[in-house]
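See below for the structure under consideration.
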There are 2 protein chains.
Amino acid sequence: MTPYYTGSHKHLIAIDCIIFGFDEGELKILLHRRKFEPEKGKWSLMGGFLQPDESIDNAARRILKGCSGLTNLFMEQLYTFGETDRDPGERVISTAYFALIRIDDYNKELSLETTAHWWPISKKPALIFDHDKMVEMALERLKIRSKNRPIGFELLPRKFTVPQLQSLYEAINRRNLDKRNFRKKILSMNLLQKLNEKEKKTSKKGAFLYRFDKRKYNRLAEKGFHFEL
Amino acid sequence: MTPYYTGSHKHLIAIDCIIFGFDEGELKILLHRRKFEPEKGKWSLMGGFLQPDESIDNAARRILKGCSGLTNLFMEQLYTFGETDRDPGERVISTAYFALIRIDDYNKELSLETTAHWWPISKKPALIFDHDKMVEMALERLKIRSKNRPIGFELLPRKFTVPQLQSLYEAINRRNLDKRNFRKKILSMNLLQKLNEKEKKTSKKGAFLYRFDKRKYNRLAEKGFHFEL
DNA sequence: CCAAAAGTGTTGACCGTACACCCATGA
DNA sequence: TCATGGGTGTACGGTCAACACTTTTGG
């Protein structure tokens, strides 16, 4: 480590994670009460400071693992927030990431964090600093991604029904979709494998379960696709 | 400034700018030879370190002004690059911005920077660090933006012909477009005002000049639109 | 037997795309 | 007069959006 850049000012860098889940037909976000000053006790995104020896992506992975117990989550850098006064404690630059979790996977690892809570997006409390703006931006990004990546599936259980998948898309895009058009389009991608089981909790008739075809899923996850309704 | 976060490590933050221009039917990028070690003399993006008292957006504006003399450029945050070893000199996090310049405006302010040079994208030299990756990402973003924002116009002179505009879109998207379809679609947005002048340098017949309608332009710049060919 | 959710096809409108010829003029 | 780039309209096919009824079964 040669001192090439001595004289230049250094900064604190935080990583904040917007973590989405989907449960009971609602899009939810994982928040916790901040553990230190300033704004101690207020609702906040999951976050932490960047350490000297980790890349920012790895810092995000560390934070995600710390609050969910899970690794290999879908995760994507969102934006870097750099207003001088965004943190009243001290100047901190924050790079935000958004991530997707299957809530039932999360529940299995009974979360250590008892201060954490899944909030339905529509009822979430006000957050500290510029975290509300981060959430807003993440929702926007999620909407875009739902149209060009098969990310919806990162949020559902491994087996799911078509109506469940539809209600996820409806939650993300905040509008109702025609079920005939939805089914037609999603099935025409040959991305779903129909199983011989039915989910019978939500209706008397029961709905067939599906899972996604890993090969096609992975290809679409890289190349992108187009799913507009 | 209370010492809330003492103990947390601080980092150098660089701002790097990918600056695009359009001239002679080609998409170009502004590069310069790095002025200090490591990699002194090699081709590099325009950049600098974040100062304590400026937001990252303002740092980008400062750098853009410094190398072009221009303010109020179109500018957008691209991505933050945070691998631990991306800069061999010392650990530096870099937030990249991309910006668009009208090359003729740039020329008027005869640039102070004699080490700067406009390179056609197709012929640009290899860059230091991860700057090539930044450029690649910026090109991708530019392609996306050309489809949902009227940014093309930030790159053209104030008066331009339809064929010029088309060749810009062709350069950004790296494919040829049908001129009838292009003209039909772009004119149907009522974004262009036809002038009573002709540009006669590039053809004997001459092509009518247009400028864009400020009102509609600004509305589209905010709300976005859809221009797919 | 009834309520509640699952499942199923067709049609019209619109949009993207392909395509070929005439025009104006400087040299 | 000819070479060069500017300018124009139409037809086809595919995709999106709107729309209503039958099926299953638990209570």
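All chains are named by letter (A, B, ...) in the order of the sequence lines, taking the proteins before the strands, and each is independently numbered beginning at 1.
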Which pairs would a plain distance check flag for residues 212-220 of chain B, meaning a side-chain donor or acceptor within less than 3.5 Å of a matching protein atom at least two apart in sequence or in another chain?
from     : atom 1 : to       : atom 2 : distance (Å)
B:Asp213 : OD1    : B:Arg215 : N      : 3.0
B:Asp213 : OD1    : B:Lys216 : N      : 3.3
B:Tyr217 : OH     : B:Glu154 : OE2    : 2.1
B:Asn218 : ND2    : B:Lys214 : O      : 3.3

query = Would you say A:Ser94 and A:Asp16 make side-chain contact, with heavy atoms under 4.5 Å?
reply = yes
task = Assign the ring pair A:Trp43 / A:Trp119 to parallel, tilted or perpendicular, where the plane angle (0 to 90°) is split at 30° and 60°.
result = perpendicular
note = Once base and sugar-phosphate atoms are separated, protein heavy atoms under 4.0 Å mark nucleotides 11-16 of chain C, 5' to 3', with B, S and - as -----S
note = Sorted by chain and number, sequence neighbours left out, salt bridge (Lys or Arg N to Asp or Glu O under 4.0 Å) with A:Glu83 holds for none
task = Please say whether the positively charged group of A:Lys185, taken as NZ for Lys or CZ for Arg, lies over the ring of A:Phe227, i.e. under 6.0 angstrom from the six-membered ring centre and within 45 degrees of the axis.
result = yes
Side-chain donor-acceptor distances from residues 204-211 of chain B under 3.5 Å, at least two apart:
from     : atom 1 : to       : atom 2 : distance (Å)
B:Arg211 : NE     : B:Gln193 : OE1    : 3.1

hbond_proxy B:Arg180 side chain to C:dA20 base (donor-acceptor, 3.5 Å cutoff) = yes
remark   = Residues passing the side-chain hydrogen bond (donor to acceptor under 3.5 Å, both in side chains) test with B:Asp57, sequence neighbours excluded, are B:Tyr97
inquiry  = Using whole Å, what does the distance between atom C1' of nucleotide D:dA11 and atom CG of B:Asn181 come to?
reply    = 12 Å
task = State yes or no: are the ring centers of B:Tyr79 and B:Phe81 separated by less than 6.0 Å?
result = yes
Nearest-Å distance for atom pair CG/C1', residues A:Asp178 and C:dT10 = 12 Å
request  = List in numerical order all residues of residues 197-207 of chain A for which some heavy atom is under 4.0 Å away from an atom belonging to DNA chain D.
outcome  = A:Lys200, A:Lys204, A:Lys205
